[in-house]
Every structure is written in structure tokens, then in C-alpha cells.
There are 2 protein chains.
Amino acid sequence: MRRDIFQAIADPTRRAIITLIALQAMTPNAIADNFQTTRQSVSKHLRILTECELVKQEQHGREIYYSLEIEKMKEIDKWLDQFRQIWKTKFNQLDNVLSTLKKQKK
Amino acid sequence: MRRDIFQAIADPTRRAIITLIALQAMTPNAIADNFQTTRQSVSKHLRILTECELVKQEQHGREIYYSLEIEKMKEIDKWLDQFRQIWKTKFNQLDNVLSTLKKQKK
DNA sequence: CGATTGTGCAGCCAATCGGTTGCAAATATA
DNA sequence: TATATTTGCAACCGATTGGCTGCACAATCG
């Protein structure tokens with residue numbers, strides 16, 4: 001079982017669940033209402049998200065509220081950092097080209 | 001075939017390939033040298049990355065140089081935006097708590 | 001108490017995944 | 001021209017995936 005955050009967000013239903021519970025905690029039944037799938041399949045997705053610590057649970061009686069562990073999302077952001085450096089460089093290169101063109105116009 | 005960018009970065013080997021060719025274009029053989037797998041399997045990964053437009057090819061004779069389509073990576077960054085808003089809010093909430101504590105101390 | 005509701009888990013299944021081997025085509029080299 | 005190199009693609013294979021059904025268990029309701 002691989003179960004890392006990148007594998008977790010690979011599935012479109014899981015990404016939708018993440019977005020759904022990002023702002024407010026929800027029960028599995030309430031989450032499942034938003035998808036054309038069974039409650040059990042949503043439950044399976046929640047288990048996967050729990051296993052890689054992307055969601056947390058809070059039990060209220062027989063209801064379980066799931067919400068996003070927002071800090072964990074920063075791991076993706078962290079991985080993207082290496083490419084942000086490149087974006088920046090490319091932008092500067094483009095900037096240089098533009099200012100060269102500007103100077104030639106003068 | 002799903003073939004979106006999130007499914008593409010789900011595999012650790014593909015993430016490593018992306019990092020490898022982010023700064024300089026490389027041939028499939030050169031890429032495969034960095035992994036304990038066959039050239040054909042790397043070729044398969046490159047095909048998947050090509051299909052979701054994450055890499056571009058440049059042919060030089062019989063050699064094909066693959067490099068990262070860095071702009072495409074921004075799609076992940078874009079998806080993360082919705083969570084950045086939440087990080088910001090959470091930070092402000094923490095900030096409020098801290099300043100309340102500060103006031104109480106006074 | 002019995003019935004209903006909310007939930008997780010096991011087992012099944014078709015589809016997909018990531019790897020392999022074997023090949024064919026194109027280019028470079030002798 | 002014959003040979004070697006670089007590559008992509010097809011076929012196969014075991015493992016994993018994501019969905020389903022059926023169940024068990026606990027909490028709530030009548």
C-alpha cells in the first residue's frame with residue numbers, strides 16, 4: 001500500500017471530497033449526497049484520506065464528522081517549490097528579452 | 001484512460017522524471033540511467049507525461065530530448081489556491097488569538 | 001424493548017497500472 | 001552495404017484500484 005498524498009489526490013472524487021470538507025466538517029452520508037456513488041465508496045475514500053493524514057475525524061454520538069487537515073496540503077505546495085524557482089527564472093529571462101527589445105526601439 | 005496531471009504526478013518515478021528534466025532536456029536512455037528500471041518502462045512513463053502535456057519532445061537525429069512543460073505545472077498550483085485562502089484565514093485567526101493574549105497580559 | 005439510522009469493514013469484480021520481454025523502424029557508424 | 005544504436009510500441013502479467021453488495025455493530029427513536 002503506497003498511500004502518499006500524491007496518490008490520494010490523484011482520484012477526482014477524492015479531490016472533490018477534499019474541497020467539500022475544507023471549510024466545514026461533514027458526515028460520510030452528507031458527503032455521499034454530493035456524488036453519484038454509494039456511501040460505502042465514499043467511506044473507502046475517507047479511509048484512504050485518513051491513512052495519509054489528510055483528514056481528521058470528530059465523533060458526535062453515532063455521527064462522525066470529517067474535516068480537512070489543511071496543514072497536510074502544504075506538502076504539495078512544498079513539492080511545487082522547486083518549480084517555482086524555475087518559473088521565476090523563466091520570468092526574469094522573459095523580462096530581459098523585453099527590456100532588450102525596449103532598448104532596441106529607442 | 002484518465003490521464004490528467006494529478007494522476008500523472010501520483011507515481012513516484014514520474015515525479016522523479018519531472019524533477020530530472022525540469023532544468024535540462026534529456027533522452028530516454030539518459031533518464032533511464034537514473035532509475036533501477038528498464039528503458040521501456042521509462043518510455044511508458046514519458047508517454048503518459050506527454051499525453052497530459054507535461055513534457056515536450058525535441059528530435060535531434062535519432063535522439064529525442066524530453067523536457068518539462070513548466071507552465072503545465074501551474075495547474076497544480078492553481079488547484080492549491082483554494083486552500084491558500086484557508087491557510088491565510090487560519091493564520092489570521094491565530095494572529096487574533098495571539099493579540100488577544102497579548103492584550104490580556106497588559 | 002424492537003425498529004431505524006449512521007457507520008465501517010470484508011469480499012467480490014472488472015478495469016487499470018506499472019513492470020517486463022520481444023520486436024520493428026529509423027538513424028548513425030564501420 | 002552490413003552492423004550497431006536509439007527509440008516506440010504491442011503483448012503479456014501480477015498487483016492495485018475504485019466501485020459494488022452484504023453484513024455487523026453502535027447509537028438513537030418509538
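Quick caveat: nothing in here was measured; it's all calculated off a predicted structure. In what follows, chains carry the letters A, B, and so on, assigned in the order in which the sequence lines appear, proteins first and then strands, with residues in each chain numbered from 1.
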Rounded off to whole Å, could you give me the [atom1]-to-[atom2] distance for the [X] and [N] pair?
| X | N | atom1 | atom2 | result |
| --- | --- | --- | --- | --- |
| A/Tyr65 | C/dG8 | OH | C1' | 18 Å |
| A/Glu51 | D/dT17 | CD | C1' | 13 Å |
| A/Ile48 | D/dT16 | CD1 | C1' | 11 Å |
| A/Arg14 | D/dG19 | CZ | C1' | 12 Å |
| A/Gln7 | C/dT16 | CD | C1' | 13 Å |
| B/Gln57 | D/dC9 | CD | P | 9 Å |
| A/Glu58 | C/dG6 | CD | P | 18 Å |
| B/Asp4 | C/dC17 | CG | C1' | 15 Å |

Show the numbers, then the answer: is there a salt bridge (charged side-chain N to carboxylate O under 4.0 Å, His left out) between A/Arg84 and A/Asp81?
CA-CA 5 Å; A/Arg84 278 202 200 91; A/Asp81 261 352; 2.5 Å; yes

ring-ring contact (aromatic ring centres under 6.0 Å, His included) with A/Phe6: which residues, sequence neighbours excluded?
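Here the qualifying residues are A/Trp79.
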
Least distance between heavy atoms, [X] atom then [Y] atom:
| X | Y | answer |
| --- | --- | --- |
| B/Val42 | B/Pro28 | CG1-O, 4.2 Å |
| B/Thr19 | A/Gln82 | CG2-OE1, 3.1 Å |
| A/Ile17 | A/Leu49 | CG2-CD1, 4.0 Å |
| B/Gln7 | B/Arg14 | O-NH2, 3.4 Å |
| A/Ile76 | B/Leu80 | CG2-CD1, 3.8 Å |
| B/Leu68 | B/Lys56 | O-NZ, 3.8 Å |

Selection: residues 18-28 of chain A, any non-hydrogen atom under 4.0 Å of DNA chain C:
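Contacting residues: A/Thr27, A/Pro28.
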
Set of residues satisfying side chain to side chain donor-acceptor pair (under 3.5 Å) with respect to A/Glu63, sequence neighbours excluded:
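A/Glu63: side chain to side chain donor-acceptor pair (under 3.5 Å) contacts with A/Tyr65.
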
Just to confirm, is there a sub-4.0 Å distance from OP1 or OP2 of [N] to any side-chain nitrogen or oxygen of [X]?
| X | N | result |
| --- | --- | --- |
| A/His45 | D/dG19 | yes |
| B/Ser41 | C/dG18 | no |
| B/Arg3 | C/dC17 | yes |
| A/Thr13 | D/dG19 | yes |
| A/Asn29 | C/dT5 | no |

Decide, yes or no, whether a salt bridge links B/Lys74 with B/Glu71 under the criterion of side-chain N to carboxylate O below 4.0 Å.
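Yes, charged N to carboxylate O under 4.0 Å.
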
Is any NZ, NE, NH1 or NH2 atom of the basic residue among B/Lys72 and B/Asp77 found under 4.0 Å from an Asp or Glu carboxylate oxygen of the other?
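So B/Lys72 does not pair with B/Asp77 through a salt bridge.
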
Atom pairs, N/O to N/O, protein against nucleotides 23-30 of chain D, distance under 3.5 Å?
residue	atom	partner	partner atom	Å
D/dA27	N3	A/Arg62	NH1	3.0

No-H, no-angle donor-acceptor pair, A/Lys44 side chain to D/dG19 base, under 3.5 Å:
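Indeed there is one.
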
Counting only heavy atoms and a strict 4.0 angstrom limit, can you tell me which residues of residues 30-38 of chain A come near DNA chain D?
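Under 4.0 Å from DNA chain D: A/Thr37, A/Thr38.
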
Name every donor-acceptor pair, under 3.5 Å, that has one atom in a side chain of residues 30-38 of chain A and the other anywhere in the protein, sequence neighbours excluded.
residue	atom	partner	partner atom	Å
A/Asn34	ND2	A/Ala30	O	2.9
A/Asn34	ND2	A/Ile31	O	3.4
A/Thr37	OG1	A/Ser41	OG	2.8
A/Thr38	OG1	A/Ser41	N	3.2

